[in-house]
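Since we're looking at a predicted model, the values are computed, not measured. Counting convention: from 1, in listed order, for ligands and their atoms alike. All residue numbers refer to positions in the sequence shown, counting from 1.
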Amino acid sequence: MELPPRPTPFDFHGVSMTKYFTDNWDNIQDFKARPDDILIATYPKAGTTWVSYILDLLYFGHTCPDRLSSIPLHERVPFLEISVPSLPTGKDLADQLSTTPRLIKTHLPIQFVPRSFWEQSSRIVCVARNAKDTAVSYFHFGRMNHVQPEPGDWSSFLQKFMDGKMVFGSWYDHVNGWWKRKQTYPKLHYIFYEDLIEDTGGEIDRLCSFLGLSPSAEEKEKVSAGVTFDSMKRNQMTNFSTVKMMDLTVSPFMRKGKVGDWKNHFTVSQNEHFDEDYKQKMKNPALHFRTEV
Ligand code: PPS
């Protein structure tokens, strides 16, 4: 497969986007969600793959072991809005899912989510990660992924992050938008990446109670063991080694999986500038992110 050309971001209804996520727009907006669908909604690099795999194992790990070893996770949990030439669209993959529930991933900001998810009262699992580690992870992702715009150097990338000029728009608007929705939509469960790092088992328990699942202790143990960073990095079905547009020799998808790697990237003055700007944009004290655990 020929690599797709690097896209140029443009303003799409007030959000910075690229054609790979807007080309199939009408079909995405017409997506027919079902009441038992589970939407995994995140800003990029928040731990989407991690939570997708947790959900996949919880629902299908014990009943369909073949699926785990033969179908890459990104096909088991399609990325709804992706549309890259010569590959099936995320929307088509989602339509073709034969599982119940269907697990579907999106990075769309709240205002772009297809209306049927709300109409059908589908469950939504939202994952969010502190801005500094998200920015670092997104930077390295841009280096290795041809579907992303060229990230440029770290300091200009960080400025673009603060300016909300990332693909899928401003991190600040995205996390606030989903957080606000959680206050009025009871079927939305919000997970912080930092909590998942600190207490994976406890977060899986909370997720299960949101989903109404009661796995046995043995099943839970299997899920916890399967979703560690090291086992997902080794696992060809979860480490994106089957995806041609990602060059894992530039930077692996399963890169570090830590809270606080930002300290290896931010200079003292970048950090001060970032914190100052953050205070202006993140005024809601209820939405609190930890940058270390
Ligand atoms: S994407 O492309 O937006 O869907 O990326 P996403 O999956 O949201 O985020 C990728 C980052 O999540 C880290 N990750 C994990 N951390 C800890 N444990 C586990 N099991 C795990 N799985 C994925 C992954 O390493 C990326 O973070 P960085 O900081 O780049 O390592």
Side-chain angles (χ1 to χ4, degrees), residues 18 20-21 39-58 72-82 84 90 103-109 125-149 151 154 157 161 166-169 171 174-175 178 191-201 203-204 207 223-243 245-248 250-266 289 291-293:
T18 68
Y20 297 133
F21 303 112
L39 186 67
I40 302 150
T42 65
Y43 191 77
K45 314 322 290 178
T48 328
T49 312
W50 193 4
V51 170
S52 299
Y53 194 40
I54 292 173
L55 285 166
D56 189 66
L57 286 180
L58 283 171
L73 185 63
H74 63 268
E75 287 177 26
R76 307 200 297 258
V77 185
F79 183 4
L80 182 62
E81 57 271 19
I82 200 163
V84 173
L103 305 174
I104 300 166
K105 151 183 169 175
T106 185
H107 289 319
L108 292 173
V125 177
C126 198
V127 193
R129 184 182 194 181
N130 81 76
K132 292 179 184 177
D133 284 323
T134 299
V136 168
S137 182
Y138 214 172
F139 172 67
H140 290 292
F141 188 61
R143 293 172 50 234
M144 60 80 109
N145 185 358
H146 274 258
V147 164
Q148 285 293 312
W154 163 244
F157 183 88
F161 184 93
M166 301 282 102
V167 185
F168 294 105
W171 174 91
H174 203 286
V175 296
W178 278 101
I191 302 180
F192 292 96
Y193 177 92
E194 295 73 25
D195 294 346
L196 202 50
I197 286 277
E198 194 173 59
D199 179 13
T200 310
E203 285 305 314
I204 293 177
L207 185 58
V223 175
S224 298
V227 304
T228 63
F229 181 82
D230 290 340
S231 53
M232 285 183 64
K233 191 177 171 88
R234 274 195 309 270
N235 182 341
Q236 295 212 335
M237 295 296 119
T238 59
N239 66 13
F240 284 86
S241 54
T242 58
V243 174
M245 60 232 186
M246 295 187 190
D247 185 347
L248 304 189
V250 173
S251 178
F253 183 90
M254 298 294 299
R255 193 183 59 89
K256 287 217 175 151
K258 296 251 178 299
V259 181
D261 185 42
W262 62 271
K263 292 178 193 167
N264 298 315
H265 292 75
F266 282 62
F289 286 91
T291 53
E292 44 199 308
V293 291

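Residue Ser137 touches ligand 1 through backbone and side chain together, judged by heavy-atom distances below 4.0 Å.
Remark: ligand 1 and Gly47 share an N or O pair separated by less than 3.5 Å (distance only, no angle test). Checked against a 3.5 angstrom limit, the closest N/O atoms of Ile197 and ligand 1 fall outside it. Any N or O atom pair closer than 3.5 Å counts here, and Tyr43 shares no such pair with ligand 1. On a distance-only criterion, Arg255 and ligand 1 share at least one N/O pair closer than 3.5 Å.
When hydrogens are left out, the protein atom nearest atom 7 (O) of ligand 1 is Thr49 OG1, 2.5 Å; that is the closest non-hydrogen contact. Distance from atom 24 (C) of ligand 1 to its nearest protein heavy atom, with residue and atom name: Phe253 O, 3.8 Å. Closest to atom 5 (O) of ligand 1, if we only count protein heavy atoms, is Lys45 NZ, 3.0 Å. In terms of protein heavy-atom proximity, atom 27 (O) of ligand 1 is nearest to Arg129 NH1, 3.2 Å. Remark: minimum distance from atom 8 (O) of ligand 1 to any protein heavy atom is reached at Thr48 OG1, 2.4 Å. Scanning the protein heavy atoms around atom 4 (O) of ligand 1, the nearest turns out to be Lys105 NZ, 3.0 Å. For atom 19 (C) of ligand 1, the closest non-hydrogen atom on the protein side is Trp50 CD2, 3.3 Å. The protein heavy atom nearest to atom 13 (C) of ligand 1 is Tyr193 OH, 3.9 Å.
Ligand 1 places these atoms under 4.0 Å from at least one heavy atom of His107: 1 (S), 3 (O), 4 (O). Shown in contact with Thr228 at under 4.0 Å from a heavy atom are these atoms of ligand 1, numbered in order with element: 20 (N). For ligand 1, the atoms closer than 4.0 angstrom to any heavy atom of Pro44 are 3 (O). Atom numbering of ligand 1 starts at 1 in the shown order; those under 4.0 Å from a heavy atom of Met232 are 20 (N), 22 (N). Numbered from 1 in the order shown, with element, the atoms of ligand 1 that lie under 4.0 Å from a heavy atom of Phe141 read 2 (O).
Atoms CG and CE, from Asn145 and Met246 in turn, are 4.5 Å apart once rounded to the nearest 0.5 Å. Put simply, CG on Asn130 and CD on Glu292 are 9.5 Å apart, with the number rounded to the nearest 0.5 Å.
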### Task
Tell me, with the steps shown, if Met166 and Trp171 meet side chain to side chain contact (heavy atoms under 4.5 Å, CB included).
CA-CA 8 Å; Met166 301 282 102; Trp171 174 91; over 6 Å; no
### Query
Would Phe253 and Lys233 count as a side chain to side chain contact (heavy atoms under 4.5 Å, CB included) if you check the C-alpha gap in whole Å, the side-chain angles of each, and the deciding distance to 0.1 Å?
CA-CA 8 Å; Phe253 183 90; Lys233 191 177 171 88; over 6 Å; no
#### Entry: Leu207/Leu55 under side chain to side chain contact (heavy atoms under 4.5 Å, CB included): CA gap, chis, key distance, verdict
CA-CA 9 Å; Leu207 185 58; Leu55 285 166; 4.0 Å; yes
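Taking the six-membered ring for Trp, Phe79 and Phe21 have ring centres closer than 6.0 Å. Ring to ring, Tyr193 and Trp50 are close: their centroids are under 6.0 angstrom apart. You'll find the ring centres of Tyr43 and Phe168 outside the 6.0 Å limit.
Side-chain contact, Asp230 with Thr228: no donor N or O sits under 3.5 Å from an acceptor N or O. Counting only N and O atoms by type, the side chains of Gln236 and Thr242 include no donor and acceptor under 3.5 Å apart.
Under the side-chain hydrogen bond (donor to acceptor under 3.5 Å, both in side chains) rule, His140 has a single partner from Lys256, His265, Lys45, which is His265.
Asp247 contributes no side-chain N or O that, together with a main-chain N or O of Met144, makes up a donor-acceptor pair within less than 3.5 Å.
Judged by the shortest distance from any of its heavy atoms, His140 lies outside the 4.0 Å radius around the atoms of ligand 1. Ligand 1 does not have Asp261 within reach: every non-hydrogen atom of the residue lies 4.0 Å or more from it.
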